[in-house]
Amino acid sequence: MEKHRNFLTLLAVVFIGGLLLSFVTVQDKKKGEAWDVPEKYQKMENPSKDDASLMKVGKILYIKHCRSCHGNKGEGDGPKAASLETAIESFTSDKFQAQSDGVIYYQSIIGRDEMPNYESKIPEEEDRWALVNYLRSMK
């Protein structure tokens, strides 16, 4: 009976410790450095800015390419996010939404470090802008 109680106590300690450690690990992720976005992209105009018909295309592209890391609502809590070394900023944040469309395009399509390049996976320019517009809708 004593061995059984000790085993259950040990099991509880390991479980609770693991649970607490999972919270610490998420908080310990490093914050990404500021993006060095070329001037070309900073000044880039969104040719599809007011085209609501592209919203469905943007959502489909987001689900296919972005949701696994960025999560359903763009909060950076997708299933793959835990395996990344860098914390993911929320698309709903004022900081993200304050960026120009060209900067968001660069970050989303060109990428860097753990953020992959999507130029070959999203080759159509109209689709790229549809994704930018969808990210804008997450505010």
Side-chain angles (χ1 to χ4, degrees):
M1 182 75 167
E2 184 67 26
K3 283 184 179 181
H4 189 259
R5 187 177 313 150
N6 288 342
F7 177 74
L8 288 177
T9 302
L10 177 63
L11 188 61
V13 168
V14 169
F15 176 76
I16 292 170
L19 185 63
L20 292 174
L21 186 58
S22 71
F23 288 110
V24 172
T25 303
V26 171
Q27 294 171 354
D28 286 346
K29 286 186 180 272
K30 69 179 181 180
K31 184 175 180 181
E33 294 179 24
W35 284 74
D36 184 19
V37 179
E39 189 174 345
K40 166 188 169 183
Y41 292 95
Q42 291 178 27
K43 295 182 176 183
M44 191 179 271
E45 294 290 324
N46 181 344
S48 307
K49 188 171 189 160
D50 297 318
D51 192 343
S53 69
L54 291 176
M55 197 59 66
K56 186 174 183 178
V57 172
K59 183 176 184 176
I60 291 167
L61 290 168
Y62 180 85
I63 290 168
K64 181 177 181 181
H65 298 293
C66 312
R67 182 172 66 174
S68 61
C69 290
H70 293 279
N72 289 327
K73 297 181 181 180
E75 295 289 340
D77 58 353
K80 288 185 179 178
S83 66
L84 300 176
E85 293 179 17
T86 308
I88 300 176
E89 186 175 336
S90 171
F91 294 140
T92 65
S93 74
D94 291 338
K95 181 180 175 186
F96 178 83
Q97 291 291 332
Q99 299 175 110
S100 72
D101 285 348
V103 168
I104 294 173
Y105 177 103
Y106 181 84
Q107 293 169 338
S108 303
I109 304 303
I110 307 304
R112 68 158 194 204
D113 302 328
E114 291 183 292
M115 176 62 199
N117 179 290
Y118 282 96
E119 291 175 292
S120 63
K121 291 182 180 178
I122 307 174
E124 299 298 322
E125 197 69 16
E126 186 176 59
D127 290 346
R128 295 173 180 182
W129 287 113
L131 178 60
V132 170
N133 292 342
Y134 184 74
L135 298 178
R136 283 273 187 228
S137 75
M138 297 181 130
K139 57 184 168 189

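On a predicted model such as this, the values are computed, not experimentally measured, just so you know.
The backbone N or O of Ser108 lies less than 3.5 Å from no partner atom in the side chain of Arg128, so there is not a single donor-acceptor pair. No side-chain donor-acceptor contact under 3.5 Å links Glu85 to the backbone of Lys30.
A parallel orientation is assigned to the rings of Tyr41 and Tyr105, their planes being inclined by less than 30° (bins at 30° and 60°). Using the six-membered ring where Trp is involved, Tyr106 and Trp35 have ring planes that are perpendicular, over 60° apart on the 30 and 60° scheme.
At a threshold of 4.5 Å between side-chain heavy atoms, the hydrophobic network of Ile, Leu, Val, Met, Phe, Trp and Tyr places Leu54 and Ile60 in two separate groups.
Side-chain contact between Thr86 and Asp113: absent, with no pair of heavy atoms (C-beta onward) separated by less than 4.5 Å. For the pair Ile110 and Pro38, the minimum side-chain heavy-atom distance is 4.5 Å or more. Using a 4.5 Å heavy-atom threshold, the side chains of Asp101 and Glu45 count as separate. Between His70 and Met115, some side-chain heavy-atom pair lies under the 4.5 Å cut-off. Annotation: side chain of Ile104 is in contact with side chain of Phe96 (closest heavy-atom distance under 4.5 Å). Side-chain contact between Tyr62 and Met138 is present, with at least one heavy-atom pair separated by less than 4.5 Å.
Few gaps surround CD on Gln97; more than 12 heavy atoms of other groups in view lie less than 6.0 Å from it.
Closest non-hydrogen pair, Ile88 versus Ala81, comes out as CD1-CB, 3.9 Å. Listed here is the closest heavy atom pair of Ala130 and Val57: CB-CG1, 4.0 Å.
At a threshold of 4.0 Å, the pair Asp36-Arg112 does not count as salt-bridged, since none of the basic side-chain nitrogens sits closer than that to a carboxylate oxygen.
How far CG of Leu61 is from OH of Tyr118: 11.0 Å, rounded to the nearest 0.5 Å. Here Arg67 contributes atom CZ and Asn72 contributes atom CG; the two are 5.0 Å apart, rounded to the nearest 0.5 Å. One finds the CD1 atom of Ile63 at 12.0 Å from the OG atom of Ser68 (value rounded to the nearest 0.5 Å).
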Derivation and outcome, side chain to side chain contact (heavy atoms under 4.5 Å, CB included), residues Leu131 and Cys66: CA-CA 10 Å; Leu131 178 60; Cys66 312; 4.1 Å; yes
Working for side chain to side chain donor-acceptor pair (under 3.5 Å), residues Asn133 and Asn46: CA-CA 9 Å; Asn133 292 342; Asn46 181 344; 2.7 Å; yes
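For Thr92, the side chain to side chain donor-acceptor pair (under 3.5 Å) partners two or more places apart in sequence, or in a different chain, are Glu75, Ser90.
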